[in-house]
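Note on naming: letters A, B, ... go to the chains in the order of the sequence lines (proteins, then strands), and numbering restarts at 1 for each one.
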Amino acid sequence: MSSIAEQLPIRFDFGAVQQRLYQMWQDKGLFHSEPDAAKKPFTIVIPPPNVTGALHLGHALNNTLQDVLIRWRRMQGYNSMWLPGTDHAGIATQAVVEKRIREEEGKSRHELGREQLVNRIWQWKDQYEARILSQLKQLGCSCDWERTRFTLDDVCAKAVRHTFFDLFHKNLVYRGKRLVNWDTFLQTAVSDDEVYNEKVAGHFWHLKYPVIDPQPGEPAFVIVATTRPETMLGDTAVAVHPDPAAALDHAESSLVARLAKAVASEKASLEGELKQLNERRAGMLPQLLQLAQMASAGRQIRLPIVDRAIPLITDEWAKPELGSGCVKITPAHDPNDYDVGLRHSLPQINVLNPDGTLNSVAGRFMGLTIKKGRQQIVEHLEESGLIDSVEDREIELPVSDRSKTPIEQYLADPWFVRMEALAQSAIDAVEGGHVQIIPNRYAHGYVAWLSEKRDWPVSRQLWWGHQIPVWSKKCANDVELQEVNQHVWSLVETDAERAAVQIESASGVEGTVHICLREEGDKLSETLEKLGFVRDQDVLDTWFSSALWTHSTLGWPEHTADLKYYYPTSTLVTSRGIITLWVARMVLMGLNNLGHVPFREVFVHPTILDGFGETMSKSKGNGVDPLDVIEKFGADALRFSMVHLTTETQDVRMPVQFECPHCQTSIEQTHKNRVLARIECPACKKPFATQWARDDADLHLPRGLILSERFEEARNFVNKLWNASRFSLMNLEGYQFTPIDPSQLCLEDRWILSRLTTVTQLVTTEFEHYRFSEVARILYDFTWGEFCSFYLEILKSRMTGGQRNLAQSMLAFTLDRLLRLLHPVMPFVTEEIWQSVNVAAAERGLSSSDPQQPNLIQASWPVPDPTLHDPQVEAQFETFQQALGALRDIRARQNIAPKQPISFCIRCTEEIAAYLSPLSPYFKKMANAEATHIGPQAIPPRVNSTTTLPNLEIIVDLEGLLDVAVEKARLQKEKANIENQIKAKQQKLSNASFVDRAPPDVVQRERDAAKILTDQLESVIKALSGLKQ
RNA sequence: GGGCGGUUAGCUCAGUUGGCUAGAGCAUCUCGCUUACACCGAGAGGGUCGGGGGUUCGAGUCCCUCACCGCCCACCA
């Protein structure tokens, strides 16, 4: 036994190995890349994780795939460069830190001040960035750490400034009005996807607005319905449909259409709706027609409380089938009303302060919270007799995901990026094939989203982020505007690259001058501030800096050597959730800034769902911490699982269990327990902590790890490889490299070489097409099912005597190639084994010795050698496998103890016998069965069991061993099976149209199969009758 | 409401362009501590491929339709 092998533990000790090898790779600088004209680059930029917290299983998947590609291409000889980094994640990060400061110190961000808060967030960032990067390292990611970037660092900041300046200069960025989702608690706008709806019990108030000077016959009041009565303070019109009769007809016909194809369960409610609609038409239509007429006549309404005259207008937004048929228009607090307001040039009256209290518009209600204000306004209206009716109603309340407080619609004037041309360029890039999205179906969503070409609001009312580099000054009149404009031009004229000017003028008389400065720290800002210019307080949307990630990280706008060499990057690996938000914007920004797409291929991987089919998320608490998995199963196992589950589907389920750290009981996850910080084990009744443990009491409990069949399967595979290698090393004692003489090779050698060639070819192709699960499957099956189960088993018999040297050479060579193929997926275990193989068999190869390579990470990716591919050999070996299977089957069925030797003969052609005979020792070794004769003249022993394979009969001597009943049952089952198949075949072949129309080779195949089956049946029948004697 | 994906063994998933008896892992059952591995080895049982219709000599695979699950987008005074 070799001394190396003796030292190896029986189970792969991943904990120790991972750290040591990662350090070794890093110390030797093997992850680092420099531009090298002699090599082709292969570049990936990481989708930068948010610095809000820790990585979850989705990140583990995303980053595993990237590392697999990076390592594979590195081995292929590419200059692989994986650029790591993190994202400042504007609102998410600021919200987390603000919340902590509030909880721990009771201070709001306003008490702390902008500078202080930003400092505190930087501290947080440093801590979490370190944690995230460490997680990536534990996963084995071979990132070029020297190039680590952060979306808010100086390099990225410069790119952001230059890009914004450029867009500003080209008039692709402008300031506009827009309703934003306003979080009154955090006092910031939040994006749509940070808002969720909650169903709450509310009311639907029908308010009476008096008509000013009603004509005879006209109603004294117009009734409007609302769930938000306090917003009436900001009403600037009441709308009615211009043609209510037609609108009602239309509503009816669409209801009728739905009813026609409705299933029974829906019918009743649709019929109810239809009935209601018709009642409404009868009751309200005359009134609505009248109101529409009054609106055209320019009739006005007196808005109660604020006592303001507002117009009655016609607009199709007012649906006669809803509410009272009339709708109050509040442009400053409702997106639809905002659009109506634009169509009718209505004023926009904001009624709220940023903290959500009513502002001065509310008069005596000023300063009240929305809730209180609503209450008092309703009371007041009631007293004035202006409430027609109140209904109870379930309403959808928008809630901020960050603060869990209700969202208000709030009028702001953010900066927008004009998307028309930029979006088109990104559409063209994908439609023209310059960027390929894989799987291709995701290209549809990408194009559809961009096709809307909606301008991109980029202002965020936050402190954490890239502050917008625009200084503005309001000018009260034309003269001042001209003056300021002249002055600024005189300052800027000398250098148009330094500053750009936009004039925003609504009336042509008054307006605002905006100046954008390109460079951070430009002294011009001081001059401007002295002139009364004020810098915009907002920061840019996080996606603005993320959109530049592929080139800002490489040093753009400087013309760096990195940029020239690595841009465009090769592949982007991402999840489908951010194809529009991120991928699309990277494409258009790359095109805008560099005139070239940022990457050639985008691989979109599946989303990992929990055992209930729900997406994993922090708020649900169903996420899995990859470090738990690494601790329990090892990084290689986690990686293999991730690769194995990456199919082309869009989701994949990962049911997990907790493992009790006290008694190792596996505890199913439920909706309830998965969010708990501590769980009591149902078996041993002792408590343990989960990843959600936060307070000290919980954190001091032992941690319950995460279990999953998928991880166990992968860990077992890693261990299988480990032990196969241990076995190999044990048998490499005294190994001396000698070139392998092909004429000396046995069938099994040529078989494994052929299989190895096939597998190398397949794996390479599957990698090229991002079919990760196929890669995992092929490697798993080959390693376990062929290399271990057959080749190693056979070699056991060849390790003594004259064959030892050849067997060792073959073993060293095969293992070498296998390790290379597995390395991208399982880097630690393969590198660890490689290092040992280098000691035991430094020189190895086939006809000549391979170049020696101390580290597997640097070794070359195998290239399939077509001369080793031999389908005939593969078929011959398969015959051996089938024969062996038949022997084992009989042993198992007849319940013959493994130690009990049996003997058998095979009846077959001379040709088959010629290649099967040399394999006799392996029947002995692998089935404890002695072949007494192989060939046409085999004579069945008196008591036997026969198995008929397509081209041979295995006849086992069962003298004194045969259980007749069992054997009879087996044969009868076999007979029935074959008869069924024959029946199916005959049916097919007697079908004239099959014989006529199916391709001749298919027909011939059926005929051949039928012939073989008939022979088999005959043989089974013979065996059965023999049994009866 | 629009778009996309899924529904195959008890569970989690494969199944390339339609063509031998639909596969794997786990779980279950039987046997085995055979000197690489019990995180192992040998074997077995288990599926009318979500329902219905169609195209075809032939459908898990293509088309239509329905149902359920999930995701994205839009909208709901």
Taking side-chain hydrogen bond (donor to acceptor under 3.5 Å, both in side chains) as the test, write out the residues that go with Lys1011(A), two or more places apart. Asp1015(A)
Minimum-distance nucleotide (side-chain atoms of Glu793(A) versus C26(B), A14(B), A36(B)): A36(B)
Contacts under 3.5 Å, N or O only, protein and nucleotides 43-47 of chain B:
unit_1 : atom_1 : unit_2    : atom_2 : d
G45(B) : OP1    : Lys973(A) : NZ     : 2.3

Dot-bracket assigned to RNA chain B with the 3.5 Å Watson-Crick/G-U criterion, [ ] for crossing and | for other-strand pairs, is (((((((..((((.....[...)))).(((((.......))))).....(((((..]....))))))))))))....
Rounded interatomic separation in angstrom, taking CG from Asp13(A) and C1' from C39(B): 14 Å
Applying ring-ring contact (aromatic ring centres under 6.0 Å, His included), can you list everything that pairs with His203(A), at least two apart in sequence or on another chain? Trp205(A)
Nearest-Å distance for atom pair NE2/C1', residues His644(A) and G23(B): 12 Å
For nucleotides 18-20 of chain B, give me every protein contact, N/O to N/O, under 3.5 Å, one pair per line with atom names.
unit_1 : atom_1 : unit_2     : atom_2 : d
G19(B) : O2'    : Arg1005(A) : NH2    : 2.8
C20(B) : O3'    : Lys985(A)  : NZ     : 3.1

Using the ring-ring contact (aromatic ring centres under 6.0 Å, His included) criterion, which residues pair with Phe787(A)? Sequence neighbours excluded. none
Residues forming a side-chain hydrogen bond (donor to acceptor under 3.5 Å, both in side chains) with Lys973(A), sequence neighbours excluded: none
For Trp449(A), the ring-ring contact (aromatic ring centres under 6.0 Å, His included) test, sequence neighbours excluded, returns none
Taking OP1 and OP2 of U21(B), is either one under 4.0 Å from a side-chain nitrogen or oxygen of Asn977(A)? no
Residues which pass ring-ring contact (aromatic ring centres under 6.0 Å, His included) with Tyr446(A), listed by chain and number, not counting sequence neighbours: none
Which residues pass the side-chain hydrogen bond (donor to acceptor under 3.5 Å, both in side chains) test with Tyr922(A), not counting sequence neighbours? Glu748(A)
Contacts of Lys983(A) that satisfy side chain to side chain contact (heavy atoms under 4.5 Å, CB included) - sequence neighbours left out: none
Contacts of type side-chain hydrogen bond (donor to acceptor under 3.5 Å, both in side chains), residue Arg893(A), not counting sequence neighbours: Asp889(A)
Distance between the C1' atoms of C20(B) and G25(B), in whole angstroms? 25 Å
